[in-house]
Amino acid sequence: MHQCDCPTLSIITTVYRVRDYLPQTVASILNQTFTDFELILVEDGCPDGCGALCDQLAQQDNRIRVIHKPNGGPASAANVGLRAARGRYVGFVNGDDCVEPTLYETLYQALQDSGVRIAACSGDCIDEDGKPAGLPDVTIRTPGVMDAQRLLLEAFQTGSFYGPLSWNKLFDIRTFRDKGVKYDETMHFGDDASVLHRVFEGEQVVCLSDVLYHYRMRRGQITQAGQFSPRRLDDLKMYWNWLCYFSAQPQRAAEYRPWAVVRYYQLFYTLWHLAHEAGAMPGIRRDFTPALKHLRSLWRDFLTNPHWSAPTRLRAVLFAFFPNVIYQAACLWGRLVKCFSPTERR
């Protein structure tokens, strides 16, 4: 098997604390029906022996390249991979996930057929054993070719993750390099999404409904329900940046801003709730301060938002200025409703 100096695809996998899953991930990539690719394993200063494992895997297939670097986080590792990539197209696979054998053949062919520079597919969630995790799939409402930035509008409207992800997509690498885009290395949560508004600028995307990517949910991940890490607040930073970005676009502001405000409020409330439920609020309250200032600055948007009823508008304003009072009142009301519901009395 020859190692090509100019492969068609570069597949980047960042590696950190995934020793138990990396062989399966790599096997699923090497098993692709589209074979003209390089697999770049960026080992991000792993303390669990992943570096040596990467080197062992590279000895089995000449398409694997390994880059060892000091630990800098997932965005830092992805940027190293982007700089090293030699392919015309680039895809990303997390070090503990799995992909269908037809993933890159399907996405590549979609790009060739449509003439656009970004292709995306649907995905699902698996557990540590590779079984369905029972969580909603990552899907698109309407498959086909569309303005790429409308994927973020759909995220504002529905909370869909189809748009704000890198791992379910194949990109013409020029969408990064020609625009000088690199991942935000201060982000540890949402790092694969935070710059996509710039990647999407001026682009069309072909959206497929095929479920070709399997995202693994592991115990102890900061994305897992029942736990709360301050890093989860990176999502608020990301959605605030998107809100500001689209508000400054004359051709998009009128449509995008009201939905971005809705999503920012919903996300803030959800994270506030999860922090309380996890018992983390006493230690993390101060971390909410910058986002709370942003939330309060939107009070006029709350009062005029066309996507909310009058009671919801008022509740959003009150929560922004009195979050503890309104949250505790909502919890009390929820308990009362549950207590006096016919179902509960039976």
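FYI, side chains are in, hydrogens and waters are out, and symmetry mates aren't considered; it's all heavy atoms of this structure.
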Inset, instruction - Could you check L292 against R285 for side chain to side chain contact (heavy atoms under 4.5 Å, CB included), going step by step and ending with a plain yes or no? - result: CA-CA 10 Å; L292 187 59; R285 190 181 304 274; over 6 Å; no
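- A distance below 6.0 Å separates the ring centres of F288 and F268.
- The two atoms that bring P164 and S160 nearest to each other are CD-O, 3.5 Å, heavy atoms only.
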Legend entry - Full working for side-chain hydrogen bond (donor to acceptor under 3.5 Å, both in side chains) between Y327 and H273: CA-CA 8 Å; Y327 175 74; H273 169 72; 2.9 Å; yes
Inset, instruction - Could you please spell out the steps behind the side chain to side chain contact (heavy atoms under 4.5 Å, CB included) verdict for H197 and M238? - result: CA-CA 10 Å; H197 60 293; M238 178 175 69; over 6 Å; no
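- Y16 and W167 fall into different hydrophobic clusters, where Ile, Leu, Val, Met, Phe, Trp and Tyr side chains are chained together by heavy-atom contacts under 4.5 Å.
- I284 contributes atom CD1, which lies 10.5 Å from atom NE2 of H276 (distance to the nearest 0.5 angstrom).
- At distances below 3.5 Å, not a single donor-acceptor pair connects side-chain atoms of T312 with backbone N or O atoms of W308.
- A side-chain donor-acceptor contact under 3.5 Å links N305 to the backbone of P258.
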Inset, instruction - Test L196 against S166 for side chain to side chain contact (heavy atoms under 4.5 Å, CB included), laying out the working first. - result: CA-CA 8 Å; L196 289 183; S166 290; 3.9 Å; yes
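- Linking Ile, Leu, Val, Met, Phe, Trp and Tyr whenever their side-chain heavy atoms come within less than 4.5 Å puts L103 and L111 in one cluster.
- Within a 6.0 Å sphere centred on CZ of F321, heavy atoms belonging to other residues, nucleotides or ligands number more than 12.
- Under a 4.0 Å N-O distance rule, the pair K179/E203 qualifies as a salt bridge.
- Under the 3.5 Å distance criterion, the side-chain polar atoms of D61 are matched with a main-chain donor or acceptor of R63.
- The backbone N or O of Y162 lies less than 3.5 Å from a partner atom in the side chain of N168, making a donor-acceptor pair.
- Ring-centre distance between Y104 and F34: not below the 6.0 Å cut-off.
- Counting all heavy atoms, side chain and backbone alike, F37 lies closest to L30 at CZ-CA, 4.0 Å.
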Legend entry - Derivation and outcome, side-chain hydrogen bond (donor to acceptor under 3.5 Å, both in side chains), residues D113 and Q109: CA-CA 6 Å; D113 292 343; Q109 193 59 52; 2.9 Å; yes
Inset, instruction - Could you walk me through whether Q149 and R198 pass the side-chain hydrogen bond (donor to acceptor under 3.5 Å, both in side chains) test, one step at a time? - result: CA-CA 9 Å; Q149 288 192 335; R198 293 184 55 208; over 6 Å; no
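- Crowding of Q266 atom CD: a count of heavy atoms from other residues, nucleotides or ligands under 6.0 Å exceeding 12.
- Summarising the geometry of F200 relative to G163, their closest heavy-atom pair is CZ-O, 3.8 Å, with the distance given to 0.1 Å.
- Taking the six-membered ring for Trp and thresholds of 30 and 60 degrees, Y183 and F92 have ring planes more than 60 degrees apart, a perpendicular arrangement.
- A donor-acceptor pair is defined here as one N or O able to donate and one able to accept, closer than 3.5 Å; no such pair exists between the side chain of T175 and the backbone of F171.
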Inset, instruction - Applying side chain to side chain contact (heavy atoms under 4.5 Å, CB included), run through T139 and S209 and close with a yes or a no. - result: CA-CA 6 Å; T139 58; S209 58; over 6 Å; no
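- With respect to D172 and R174, a salt bridge is recorded, a charged nitrogen being found less than 4.0 Å from a carboxylate O.
- A ring-ring contact (aromatic ring centres under 6.0 Å, His included) with H294 is found for one member of Y265, W240, W299 and no other, namely W240.
- When the options I12, T25, I29, V66 are evaluated for a side chain to side chain contact (heavy atoms under 4.5 Å, CB included) with L39, the one that passes is I29.
- Side chains of Y108 and Q32: no donor on one and acceptor on the other come within 3.5 Å.
- Residues satisfying the side chain to side chain donor-acceptor pair (under 3.5 Å) criterion with R313, sequence neighbours excluded, are absent altogether.
- Among all heavy-atom pairs drawn from D127 and P132, the shortest one is OD2-O, 4.4 Å.
- Between K69 and D44, at least one side-chain nitrogen of the basic residue sits less than 4.0 Å from a carboxylate oxygen of the acidic one, meeting the salt-bridge criterion.
- A side-chain N or O of S247 and one of R257 form a donor-acceptor pair less than 3.5 Å apart.
- Both the sub-6.0 Å distance and the 45° axial angle are satisfied by R263 relative to the ring of Y239.
- Note: W259 and H307 have parallel aromatic rings, judged against thresholds of 30 and 60 degrees for the angle between ring planes.
- Looking only at distances, no side-chain donor or acceptor of S10 sits under 3.5 Å from a matching main-chain atom of A85.
- Looking at D97, its side chain does come within 3.5 Å of a backbone N or O of R216 through a donor-acceptor pair.
- For D147 and Q204, the side-chain atoms include no donor-acceptor pair closer than 3.5 Å.
- The local environment of CZ in F161 is sparse, with at most 12 non-hydrogen atoms from other residues, nucleotides or ligands closer than 6.0 Å.
- A donor and an acceptor atom, one from each side chain of D55 and Q59, are nowhere located under 3.5 Å apart.
- Listed for the E43 side chain is no donor-acceptor partner under 3.5 Å among the backbone atoms of C50.
- The ring of Y264 has its center no closer than 6.0 angstrom to the ring center of W242.
- Taking all atoms of both residues into account, the shortest heavy-atom contact from P323 to R296 is CD-NH2, 4.0 Å.
- A salt bridge links E38 with R86; the closest basic N to acidic carboxylate O contact falls under 4.0 Å.
- Nearest approach of K169 to A120, heavy atoms of both residues: CG-CB, 3.7 Å.
- With respect to the salt-bridge test (charged N to carboxylate O, under 4.0 angstrom), the residues K237 and D184 qualify.
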